[in-house]
Amino acid sequence: MTTPTNTRELAHPARDEIRLECVLHALSDPMRMRVVRVLAATGDELSCSHFVLPVTKSTTTHHFRVLREAGVIEQVYRGTAKMNGLRRADLDALFPGLLDSILDAAGREAERLGDAA
């Protein structure tokens, strides 16, 4: 895990430190899957405030931390906003096709259940 050099930097695992079991655990939660689906659909960085999840602010913060520590997202400060981006290139290099398969399955499930994440 990269060690932050100042208080505004957040620790992220290096590509070779990302583990499949951590990625799958991070994606196993419906709220975290919702965040990843939105980031994948947008294809760009989004601020934490963009996401309105039906959980408390502290729980939302926890979900973002789990995704970051698993290597699924990258979080960086841009001014006062904490921006979130999907680490698609890293995940695709380590686990080819995994993210697309999971996103496709999650999309089909959302349609089946009538959940418009």
Side-chain angles (χ1 to χ4, degrees):
M1 178 115 21
T2 58
T3 304
T5 57
N6 69 52
T7 58
R8 300 280 293 171
E9 289 183 34
L10 300 162
H12 296 84
R15 179 186 282 190
D16 64 345
E17 296 174 324
I18 297 173
R19 298 291 174 255
L20 178 61
E21 62 272 15
C22 295
V23 171
L24 293 175
H25 168 73
L27 296 176
S28 69
D29 182 88
M31 293 299 112
R32 295 192 291 262
M33 190 73 241
R34 180 182 293 192
V35 168
V36 170
R37 287 183 64 211
V38 170
L39 288 171
T42 303
D44 201 3
E45 291 181 340
L46 295 171
S47 68
C48 290
S49 63
H50 175 85
F51 298 90
V52 180
L53 302 177
V55 295
T56 65
K57 184 175 180 184
S58 63
T59 300
T60 298
T61 299
H62 165 76
H63 286 313
F64 279 104
R65 188 182 81 244
V66 169
L67 289 167
R68 177 175 44 82
E69 290 178 352
V72 176
I73 66 170
E74 179 177 27
Q75 292 186 304
V76 295
Y77 283 100
R78 303 241 189 271
T80 59
K82 190 185 294 183
M83 302 301 289
N84 303 280
L86 189 58
R87 291 182 65 178
R88 180 178 278 284
D90 290 334
L91 295 172
D92 287 346
L94 292 167
F95 316 111
L98 177 69
L99 187 58
D100 287 333
S101 293
I102 289 173
L103 289 168
D104 182 53
R108 285 192 319 263
E109 179 177 78
E111 286 178 17
R112 181 173 53 87
L113 299 177
D115 180 18

Nearest atoms (heavy-atom pairs only) where A70 meets P13: C-CG, 4.1 Å
d(H25 NE2, L67 CG) to nearest 0.5 Å is 9.5 Å
Determine the minimum heavy-atom distance between M31 and P54, stating which atoms define it. SD-CD, 3.5 Å
What are the two closest non-hydrogen atoms of F64 and V35, and how far apart are they? CE2-CG1, 3.7 Å
If you compare all heavy atoms of R87 against all heavy atoms of G71, which two are closest, and at what distance to 0.1 Å? CD-O, 3.4 Å
Distance (rounded to the nearest 0.5 Å) between I102 CD1 and L24 CG: 5.5 Å
Say you draw a straight line from CZ of R32 to OG1 of T60; how long is it, rounded to the nearest 0.5 Å? 11.5 Å
Full working for side-chain contact (heavy atoms from CB on, under 4.5 Å) between L91 and I18: CA-CA 8 Å; L91 295 172; I18 297 173; 4.3 Å; yes
Between R108 and E111, is there a side-chain N and carboxylate O pair less than 4.0 Å apart? no
Atom CG in D29, atom NE2 in H62: separation rounded to 0.5 Å? 7.5 Å
Check whether V76 and V36 end up in the same hydrophobic cluster, where Ile, Leu, Val, Met, Phe, Trp and Tyr are linked by side-chain heavy atoms less than 4.5 Å apart. no
In the single-linkage hydrophobic clustering (I, L, V, M, F, W, Y; side-chain heavy atoms under 4.5 Å), do V38 and M83 co-cluster? no
For A40 and R88, work out which heavy atoms get closest and say how close. CB-NH2, 4.0 Å
Let me know which of H12, R68, E45 forms a side chain to side chain donor-acceptor pair (under 3.5 Å) with Q75. R68
Where do L39 and G85 come nearest, in terms of heavy atoms and distance? CD1-C, 4.4 Å
One should read off an interatomic distance between D16 CG and D90 CG, to the nearest 0.5 angstrom, of 10.0 Å
V66-L10 co-clustered via ILVMFWY side chain contacts under 4.5 Å: no
Contact between L103 and M33 at the side-chain level, heavy atoms closer than 4.5 Å - yes or no? yes
So CG of L94 and CG of L20: to nearest 0.5 Å the spacing works out to 9.5 Å
